[in-house]
Amino acid sequence: MSASPDRPLVPEWLAVPRDVNALAAEVWPDAAHRDDRGEVVVGGVSASALRAQFGTPLYVLDEDGVRARAREVKAAFDAATARHGIHARVYYASKAFLSTEVVRWVTGEGLAVDVATGGELAVALAAGADPARLGLHGNNKSVAELERAIEIGVGSIVVDSLIEVERLAVISDRAGRRGESAQNVLIRVNTGVHAETHDFLATAHEDQKFGFSLAAAPAVAARIRELPSLRLVGLHCHIGSQIFGTAGFAESASRLADLYAELLAGGDLPVLNLGGGFGIAYTSVDEPTPIAQLAEGIVDAVARECEVRGVPLPNLAFEPGRAIVGRAGITLYEVGTVKPVVVSDELTRLYVSVDGGMSDNARPALYGAQYSARLAARVSDAAPALARVVGRHCESGDIVVDAEYLPGDVAPGDLLAVPATGAYCFSLASNYNYVPRPPVVAVSGGAARVIVRGETIEDLLARDLGVTGDVSASPLAASDRTPAPKESA
Ligand SMILES: *Cc1c(COP(=O)(O)O)cnc(C)c1O
């Protein structure tokens with residue numbers, strides 16, 4: 001193995017920690033701490049109690065953390081827009097983490113919900129969400145999905161192609177949705193601004209699937225305005241994910257404002273939806289802009305752009321996903337093997353294999369995402385060793401934490417916690433290698449309860465119509481690692 005520019009032996013940003021047991025506050029859930037036995041405690045429940053009750057791997061979600069972040073983000077956008085005499089609607093981008101329980105938490109805190117498929121819509125409805133406070137996205141919503149959305153009265157639909165506009169108009173018309181009851185739609189606009197974590201790129205021409213170009217949007221708006229079953233209420237744009245700073249949003253708002261001003265000539269446009277993408281800290285070197293500051297920066301930028309064009313400032317909408325759930329989640333794994341690998345004369349890396357991997361967290365394999373890890377059931381004063389936490393799948397790219405210093409005595413049976421896994425881990429989980437997906441446990445006030453049960457071998461075989469052997473006799477039968485939901489003491 002040799003160093004490559006994008007995967008150096010030791011990443012430049014990774015320093016040997018002063019305390020290899022410390023939990024960086026910006027990365028871990030609110031109030032996560034070590035108790036007097038050195039155990040990580042989240043939501044008042046210790047890591048070994050969680051292991052004893054639910055097994056590993058285990059997704060743990062800090063309910064109070066999700067709720068607190070939902071309140072904080074909503075308050076930030078409410079305050080930032082109130083200064084300009086307008087309103088904000090905050091949609092939770094459900095693809096970050098979706099279950100009925102989480103929908104109830106965020107809607108309970110006043111958020112609306114974004115869904116992008118019929119499946120996500122079904123979960124939101126199963127949670128009892130108000131259809132009028134749902135937004136539907138997607139570049140290729142099926143006819144059945146559009147029909148369902150119209151039938152249940154989804155609040156707004158973001159249209160992504162002219163074919164979809166015509167399709168939706170027919171469905172809406174057939175449902176008798178004309179005039180006052182016409183379906184609210186927004187046009188997804190591609191402003192040519194792409195935000196990366198620390199940078200943004202602005203292009204004039206686009207080569208990707210989402211939305212209409214700034215040049216194409218006016219004709220789409222004109223067409224929608226001709227259709228009696230649709231009501232054009234605004235423009236939507238989403239410039240990317242895991243964005244730090246306001247510069248990308250400001251550039252996008254400036255471009256969107258030109259289009260907005262132009263379209264106002266043809267009728268009302270009461271909403272601009274600026275999407276989500278607000279970044280979180282995955283490791284202690286990430287420094288995301290605090291949400292209140294971000295909200296103010298973005299809203300002020302939009303206000304400025306409207307003012308210079310002499311057009312009224314519309315109400316705004318936002319769609320945070322990761323910023324709501326990301327830091328509230330941790331994943332618990334059990335260490336199975338530890339293997340020192342001599343990488344060069346100077347460097348030995350400890351490969352620490354855990355009982356999960358790319359099936360429960362695809363982000364390192366998909367995006368080269370970085371995470372951190374800590375021993376969860378004990379502290380250690382062993383010297384820090386450079387480690388790579390890897391999964392159990394048949395891929396060398398099956399990495400959970402690419403580079404981290406762990407106590408050099410990390411050993412089989414140790415419980416390892418990876419923080420900041422609340423977003424895009426459960427939702428991107430797979431059954432690769434026929435590994436059952438882990439349960440999700442919500443913790444709050446010292447109690448833990450299963451909100452999504454883990455998969456069993458029986459689940460894995462449930463769709464295979466050729467089963468002839470005895471599934472329950474499998475030595476891997478997972479039913480016994482997923483006890484029935486019960487409250488912890
Ligand atoms: C994914 C997505 C979001 C949420 O992104 P986060 O980075 O999780 O905030 C919001 N809006 C749209 C259209 C998206 O595709």
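Both counts, for ligands and for their atoms, begin at 1 and track the order of listing.
Within the listing of ligand 1, atoms 3 (C), 4 (C), 9 (O), 10 (C), 11 (N), 12 (C), 13 (C) sit less than 4.0 angstrom from a heavy atom of Glu319. With ligand atoms numbered from 1 in the order given, ligand 1 contributes 6 (P), 7 (O), 8 (O), 9 (O) to contacts under 4.0 Å with heavy atoms of Arg322. Interface of Ala93 with ligand 1, defined as ligand atoms under 4.0 Å from a residue heavy atom, comprises 3 (C), 4 (C), 10 (C). Listed by atom number, the atoms of ligand 1 under 4.0 Å from Arg188 heavy atoms are 13 (C).
A salt bridge does not link Glu26 to Arg327: none of the charged side-chain nitrogens sits closer than 4.0 Å to a carboxylate oxygen. Ion pair Asp173/Arg178 flagged as a salt bridge, since at least one NZ, NE, NH1 or NH2 atom sits closer than 4.0 Å to an Asp/Glu carboxylate oxygen.
Heavy atoms of Pro320 approach ligand 1 to within less than 4.0 angstrom. Look at Ala323 and you'll find every heavy atom at least 4.0 Å from all atoms of ligand 1.
With distances taken over non-hydrogen atoms, the option nearest atom 5 (O) of ligand 1 out of Phe97, Phe318, Tyr91, Tyr424 is Tyr424.
Because its NZ or CZ atom is not both nearer than 6.0 Å to the ring centre of Tyr260 and within 45° of the ring axis, Arg309 does not count as a cation-pi partner of that residue. Cation-pi geometry between Arg188 and Phe212 is not met: the NZ or CZ atom fails to fall both under 6.0 Å from the ring centre and inside 45° of the normal.
The nearest protein atom to atom 15 (O) of ligand 1, hydrogens excluded, is given as Lys95 NZ, 2.7 Å; this is a heavy-atom distance. For atom 7 (O) of ligand 1, the closest non-hydrogen atom of the protein is Ser241 OG, 2.4 Å.
Listed by first then second residue, pairs satisfying salt bridge (charged side-chain N to carboxylate O under 4.0 Å, His left out) with a partner in residues 229-253 read Glu251-Arg255, not counting sequence neighbours.
The distance criterion of under 3.5 Å between nitrogen or oxygen atoms is not met by Asp114 with respect to ligand 1. At under 3.5 Å, not a single nitrogen or oxygen of Gly240, backbone or side chain, sits near a nitrogen or oxygen of ligand 1.
In this structure Phe77 satisfies the ring pair (Phe, Tyr, Trp, His ring centres under 6.0 Å) test together with Phe278, Phe318, sequence neighbours excluded.
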Pair Asp459-Arg453, side chain to side chain contact (heavy atoms under 4.5 Å, CB included): steps then yes or no: CA-CA 11 Å; Asp459 287 329; Arg453 77 159 169 81; 2.6 Å; yes
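Residue Glu307 places its CD atom among 12 or fewer non-hydrogen atoms of other residues, nucleotides or ligands, all under 6.0 Å distant.
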